[in-house]
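Just so it is clear, the structure is predicted and the values come from calculations on it, not from any experiment. We count residues from 1, following the sequence as given. Just follow the structure's listing: the first ligand is 1, and inside any ligand the first atom is 1.
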Amino acid sequence: MAGLVIVGAGPIGTMAAEAAVDDGAVDQIVGVVDPDPRARRELVAATGAPGYTSTVELPPATPGDAALVAFASAAEKVAPEVIRLVSAGYDVVTTCEGLAWAPRHLWDAMHTSARSDGRTIIVTGTNPGFVMDRLPLLVAGASRKITRIHVERHQDTSDRRPSLVAKSGRGLSQTEFAEGVRSGRVGAKGLDSSARLIARGLEWPFNDVFVTIEPVLDGDAVIGAAHHARLSAGPGREIVLDLVMAWGIEPTFERITIDGIPPIRMETIGGLPGDEATVAHVVGALRRLGTLAPGFYRPTDIPIRYGVS
Ligand SMILES: NC(=O)c1ccc[n+]([C@@H]2O[C@H](COP(=O)([O-])OP(=O)(O)OC[C@H]3O[C@@H](n4cnc5c(N)ncnc54)[C@H](OP(=O)(O)O)[C@@H]3O)[C@@H](O)[C@H]2O)c1
């Protein structure tokens with residue numbers, strides 16, 4: 001019996017719990033961890049699993065158990081929880097944006113802990129995790145002598161989860177928006193991770209990634225955020241990522257432009273529904289857990305499987 005513990009009973013944890021059982025990736029939900037009593041209660045009621053306020057209270061895993069960690073974007077916050085779960089015997093899938101390209105010391109700590117406990121940790125998601133890194137890298141395989149990769153994503157936040165709308169800065173004054181960006185409360189996380197994942201996939205050496213976040217305005221009102229990331233990999237080689245997340249914008253799309261031989265330009269029509277796609281990636285990652293050697297896997301470390309992931 002493969003059981004799944006949900007750590008973070010927000011929209012992603014909740015949707016993934018249902019999808020993982022529905023798709024047969026796990027047999028049942030065996031625990032719900034969330035300090036928020038309302039969120040915890042709702043998922044406990046929906047799954048029949050016991051609820052916990054912290055991972056400290058969880059019983060050790062039984063063979064085959066995994067945990068989905070979906071509660072925060074910051075690597076420093078999530079990595080200690082992942083290590084605790086691994087020590088308790090759980091394989092881990094996480095949607096934590098900051099772990100898509102974990103700081104070296106955290107990567108070392110998680111990889112070492114996974115290897116010594118014989119467990120697997122997979123970081124997955126849509127952005128980062130797919131649309132601005134894995135997908136462009138796959139497309140780049142059809143081109144050579146690449147000098148530039150540019151990925152653009154325009155998302156309408158009006159049908160997205162509340163935490164994403166809050167991160168986009170909608171409803172803030174321009175001063176509050178600037179303060180939010182400085183404190184890290186405003187702005188999507190993980191654009192720098194995506195740029196680094198692409199550079200690593202292309203085997204391009206690089207130093208740093210420069211990210212700017214500006215408000216998207218409708219008159220004087222802030223309706224979202226425009227993120228721009230640029231990674232330079234020496235003369236004539238760069239990766240540029242532009243992510244706009246704003247309320248009610250049209251059109252919505254993802255566009256990949258590759259300068260190489262041949263040049264490639266690809267665009268999704270209507271854009272990828274991010275939350276549903278993230279849930280699909282989580283279910284796919286749960287299925288892959290038993291097939292990979294113990295260790296820590298960034299989104300682009302997972303070998304590609306064609307068809308069902
Ligand atoms: N890579 C991707 O493409 C991708 C896509 C979607 C989501 N994500 C990330 O996945 C995570 C989940 O998304 P979401 O929208 O469901 O988040 P959310 O709405 O913020 O919900 C997270 C839940 O986790 C709870 N929580 C806080 N600290 C916790 C802890 N230490 N242990 C267990 N639960 C805790 C929160 O409680 P409180 O409300 O009391 O804090 C909240 O109920 C977020 O970090 C999000 O950014 C990534």
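Residue contacts with ligand 1: Asp275 is placed with no nitrogen or oxygen under 3.5 Å of a nitrogen or oxygen of the ligand (distance criterion only). Close N/O approach between Pro11 and ligand 1 is found [any backbone or side-chain N/O within under 3.5 Å]. Considering both main-chain and side-chain atoms, Ile12 comes within under 3.5 Å of ligand 1 through a nitrogen or oxygen pair.
To the nearest 0.5 Å, atoms CZ (Arg237) and CD1 (Ile239) are separated by 9.5 Å.
Atoms of ligand 1 lying under 4.0 Å from any heavy atom of Ala39, numbered from 1 in the order shown and given with element: 43 (O). Near Gly125, the atoms of ligand 1 lying under 4.0 angstrom from a non-hydrogen atom of the residue are 1 (N), 2 (C), 3 (O). Of all atoms in ligand 1, numbered sequentially from 1 with element shown, those under 4.0 Å from a heavy atom of Val7 are 32 (N), 33 (C).
Salt-bridge formation is detected for the pair Glu152/Arg255: a Lys NZ or Arg NE/NH1/NH2 atom is positioned less than 4.0 Å from an Asp or Glu carboxylate oxygen.
Looking from atom 45 (O) of ligand 1 to the surrounding protein, the closest heavy atom is Ala72 C, 2.9 Å. Among all protein heavy atoms, the one lying closest to atom 46 (C) of ligand 1 is Glu97 OE2, 3.6 Å. Considering only non-hydrogen protein atoms, atom 27 (C) of ligand 1 sits nearest to Phe71 CD1, 3.9 Å. Nearest non-hydrogen protein atom to atom 43 (O) of ligand 1 is Asp34 OD2, 2.8 Å. Atom 33 (C) of ligand 1 has as its closest protein heavy atom Val33 O, 3.4 Å. Considering only non-hydrogen protein atoms, atom 21 (O) of ligand 1 sits nearest to Gly10 CA, 3.4 Å. In terms of protein heavy-atom proximity, atom 48 (C) of ligand 1 is closest to Thr95 O, 3.1 Å. In terms of protein heavy-atom proximity, atom 40 (O) of ligand 1 is nearest to Asp36 CB, 3.4 Å.
Inspection of the Ser232 and Glu238 side chains reveals no N or O donor paired with an N or O acceptor under 3.5 Å. For the residue pair Lys167 / Ser73, a side-chain donor-acceptor distance below 3.5 Å is found, with atom types taken as modelled. His154 and Asp242 share no side-chain donor-acceptor pair at under 3.5 Å. Neither side chain, Arg134 nor Thr300, offers a donor N or O lying under 3.5 Å from an acceptor on the other.
Within the 4.0 Å heavy-atom criterion, the part of Lys167 lying near ligand 1 is the side chain and not the backbone. When non-hydrogen atoms are compared, ligand 1 lies under 4.0 Å from the backbone of Ser73 as well as from its side chain.
With hydrophobic clusters built from ILVMFWY side chains whose heavy atoms lie under 4.5 angstrom apart, Leu58 shares a cluster with Val86.
Looking at His281, Arg161, Glu81 and measuring to atom 15 (O) of ligand 1, the nearest heavy atom belongs to Arg161.
Dense packing is recorded around CZ of Arg148, with more than 12 heavy atoms of other residues, nucleotides or ligands lying under 6.0 Å away.
Exactly one of Asp275, Thr95, Thr278 qualifies for a side-chain hydrogen bond (donor to acceptor under 3.5 Å, both in side chains) with Thr126. That residue is Thr278.
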- Message: Assess the residue pair Leu202 and Arg200 against the criterion (side-chain contact (heavy atoms from CB on, under 4.5 Å)); give the C-alpha distance rounded to whole Å, side-chain angles, the decisive distance to 0.1 Å, and a yes or no.
- Response: CA-CA 5 Å; Leu202 294 173; Arg200 184 169 183 274; over 6 Å; no

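At a 4.0 Å cut-off, at least one heavy atom of Pro128 sits close enough to ligand 1 to count as contact.
Between Val32 and Thr47 the shortest side-chain heavy-atom distance falls below 4.5 Å.
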